[in-house]
Amino acid sequence: MTFGAVMEESELLRQRREKIKSLKEMGVELFPNDFKVEHTSLEILQRYGDWSAEDLQGLEEIFSCAGRIMAIRDFGRAAFIHLQDRKGRIQVYLREDLLGEELFGLFKKLDVGDFLGVRGGLFRTKTGELTVEAALIKLLAKSFHPLPEKWHGLTDVETRYRQRYLDLAVNPKVRETFYRRSEIIKVMKEFLLQRDFLEVETPMMQPIPGGAVARPFKTYHKTLDMELYLRIAPELYLKRLVIGGLERVFELNRNFRNEGLSTQHNPEFTMLEFYQSYCTYEDLMTLTEEMIGEVALRVLGSYEITYQGVGLNLAPHWPRVTLREALVQYGGVDNSHNIVEDYLLAQERARNLGLEVEEGESHGEILVKIFEEVVEPKLIQPIFITEYPVEVSPLARRKNDAQEVTERFELFMVGREIANGFSELNNPEDQSERFRAQAAKRGGTDEEISLIDEGFLTALEYGMPPTAGEGIGVDRLVMILTDSPSIRDVIFFPQMRKKPDVSL
RNA sequence: GGGCCGUUAGCUCAACUGGUAGAGCAACUGACUCUUAAUCAGUAGGUUCGGGGUUCGAGCCCCUGACGGCCCA
């Protein structure tokens, strides 16, 4: 959709083009950049919000603010408008006798959606609203298209995602969600920085995608003549930094996984991953509940939150239950305690649940499948599930007194996995064996990468201090803390199919 | 990948059993110097997502495609 093409099609836009033409004929610049803004709407409202009408009359200060016109209430020779800036909205009163005929005539040509700069004093209207009385106005940017409706806003989800700028302009709640997202990320970073973590950046483009099991995106570097993968996780690089002696590092950045899209999945998503030497998975569970608790408290002002109508209590501390205990507790059948002991019973239970059990699948793997099917949806309040089987935890340290499970936990809330952490496997021989077992199992198909990051193994051979590491799904956490039902509500530009119309 | 639902004016939504596509907001013209979903009078605005079919007649039924949403794998 090009501008010209639209003009031919729409009566509405044809009228607006005529208006723009007459503005140009009046000598009005449509896109000047020399207006100086000195105040935000919020500054004005906060500083003078409680001043009486009489006090304001004595105030001689002139204010200068700007924003998008969101409403016009025209009375002929006077009008009220609302300007929206990054902090909120403020009302402006325009009178012909004060502005003069020329500027008032300019105002008459403006539309909802245009950007306007205003200078003037403050007064309080009869209905009590603090208002700027315009002594001077300046068009700052002309909108060639009408904005979505003022009352219902923009509800069409496709348009909201494809033209997020419109969503942000007219739906205050959307803006609030993204401001809150930024705040959450800020608090998480501050939390780690206070604990002497170093914020780092590691490669997005990796020759061997490691640190997780997922289908990667593939790309190609021309000069180096090599295939590269967008990372599915930063884990193996962050551990290299730990080996280098940095001891406490974190990276809050994007991962890419070439898999399905859903309300919980976007191909690129944000992960907070961090590593702390000389501590264990138990220390990280404590750190996690403290961090998320602090985020809730600082961003939302309370440990008690509501997600999609369900009350959650994020006050530390949260239960820690082993996977096996969880299966018994939430397994839903009388013999749940037996499936954790009996391989054949576990197989039978999985098949009864309609789960696929492949040839040679281990007891632990089957238990995890049953857990995901039966237990996960029931984990509403925050809870740590611990001691995952070693077969599904290729980078985690074995538990000292139980070699078939690992010092690993996952954090669940509202039936969703939010975080995954473990004491890191730092024995290079064990790590090498696990990589090779993993690779053998998955075969060598193009999609399922079975390459082994030998460079990482070499690094491990130089010695990695005992360390625990964790990843937190930032988008999912933000969803819960902003009461958002879909991951697309917390990502500005979620992935969409290409539209035939190239302009969107 | 499968199932279900959706796509109508710039936006938000109607349209009975297949029978002339409507409203509110926005826009345009006019009135109005304290409104806040301003008000009052009038006007204009449509490829009903695209393509094909059935029918005297299709927004509605059938086939097909695009895009989106939810659920499932």
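Every heavy atom of this structure was used, including side-chain atoms; hydrogens, water molecules and symmetry mates were not. Convention: sequence-line order gives letters A, B, ...; per-chain numbering from 1.
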message = When you compare the ring of A:F80 with the six-membered ring of B:U35's base, are the centres less than 5.5 Å apart and the planes under 30° from each other?
response = yes

[X] has an atom [atom1]; how far is it from atom [atom2] of [N], in whole Å?
X	N	atom1	atom2	value
A:L261	B:A73	CG	P	17 Å
A:E358	B:A73	CD	C1'	14 Å
A:H152	B:A23	NE2	P	17 Å
A:E372	B:C72	CD	C1'	16 Å
A:R215	B:G1	CZ	P	11 Å
A:E11	B:A44	CD	P	11 Å
A:L94	B:A38	CG	P	15 Å
A:E149	B:A23	CD	P	16 Å

Plane angle bin for A:F123 and A:Y93 - parallel if under 30°, tilted between 30 and 60°, otherwise perpendicular =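 Tilted.
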
So which nucleotide from [options] ends up closest to the side chain of [X]?
X	options	value
A:R95	B:A26, B:A27, B:U33	B:U33
A:S486	B:A37, B:C70, B:C28	B:C70
A:F75	B:A38, B:C11, B:G68	B:A38
A:R488	B:G68, B:C11, B:G69	B:G69
A:W151	B:C71, B:A37, B:G68	B:A37
A:M496	B:C28, B:G69, B:G45	B:G69
A:R162	B:G10, B:U33, B:G68	B:G68
A:Q15	B:G68, B:U12, B:C28	B:C28

request  = Apply the side chain to side chain contact (heavy atoms under 4.5 Å, CB included) test between A:T270 and each candidate in A:V478, A:V474, A:I491, A:L477; give the one that qualifies.
outcome  =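 The option that passes is A:V474.
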
Under 4.0 Å between any heavy atoms, over every strand shown, what does [X] touch: base, sugar-phosphate, or nothing? Just pick one.
X	answer
A:T159	nothing
A:Y161	sugar-phosphate
A:R497	sugar-phosphate
A:L12	base
A:R160	nothing
A:D74	base
A:F123	base
A:G260	nothing

Please measure how far the [atom1] atom in [N] lies from the corresponding atom in [M], and state the result in whole Å.
N	M	atom1	result
B:G68	B:U29	P	39 Å
B:G46	B:A21	P	13 Å
B:C11	B:A27	C1'	12 Å
B:U8	B:U48	P	11 Å
B:U55	B:C13	P	36 Å
B:G50	B:A9	P	11 Å
B:U20	B:G57	P	15 Å
B:A26	B:G10	C1'	7 Å

request  = Hey, could you give me the CE/CD1 distance between A:M413 and A:I380, rounded to the nearest 0.5 Å?
outcome  =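 The CD1 atom of A:I380 is 10.5 Å from CE of A:M413, to the nearest 0.5 Å.
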
Approximate separation, where rounding is to 0.5 Å, of A:L83 CG and A:I137 CD1 = 10.0 Å

Can you find a donor-acceptor pair, distance only, under 3.5 Å between [X] side chain and [N] base?
X	N	value
A:R73	B:U35	yes
A:T125	B:U35	yes
A:Q91	B:U35	yes

ask   = Is there a donor-acceptor contact under 3.5 Å from the side chain of A:D85 to the main chain of A:K87?
value =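 Pair found, side chain donor or acceptor close to backbone of A:K87.
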
inquiry  = Main chain of A:L344, side chain of A:R349: is a donor-acceptor contact present, judged purely on distance under 3.5 Å?
reply    =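 Checking the backbone N and O of A:L344 against the side chain of A:R349, no donor-acceptor pair under 3.5 Å is found.
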
Counting just side-chain N and O atoms, does [X] come under 4.0 Å of either OP1 or OP2 of [N]?
X	N	result
A:T155	B:C13	yes
A:K150	B:A26	yes
A:S143	B:G10	no

Distances for protein N/O vs nucleotides 3-5 of chain B N/O pairs under 3.5 angstrom?
none

Any salt bridge between [X] and [Y], counting N to O under 4.0 Å?
X	Y	answer
A:R14	A:E11	yes
A:E54	A:R124	no
A:R95	A:D97	yes
A:R162	A:E158	yes

message = Counting neighbours of CD on A:E372 that are heavy atoms of other residues, nucleotides or ligands and sit closer than 6.0 Å, is the number greater than 12?
response =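 Result for CD/A:E372: enclosed.
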
key: Runs of at least three consecutive pairs that involve RNA chain B, where pairs are Watson-Crick or G-U with distances under 3.5 Å   =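 Stem list for RNA chain B: B:1-7 with B:66-72, B:10-13 with B:22-25, B:27-31 with B:39-43, B:49-53 with B:61-65.
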
Output field: ring centroids A:F35/A:F115 closer than 6.0 Å =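 They do not qualify: ring centres at least 6.0 Å apart.
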
task = Could you check A:I72 against A:D97 and say which one's nearest nucleotide on RNA chain B is further toward the 5' end?
result = A:D97

task = Please figure out whether A:A71 or A:K126 has its closest RNA chain B nucleotide nearer the 5' end.
result =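 The 5'-side residue here is A:K126.
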
Geometric cation-pi criterion A:R164 and A:F492, 6.0 Å radius, 45° cone =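 Judged by the rule, A:R164 and A:F492 form no cation-pi pair.
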
ask   = Can you list the steps and then say if A:F371 with A:F412 is a ring-ring contact (aromatic ring centres under 6.0 Å, His included)?
value = CA-CA 12 Å; A:F371 170 83; A:F412 290 89; 5.6 Å; yes

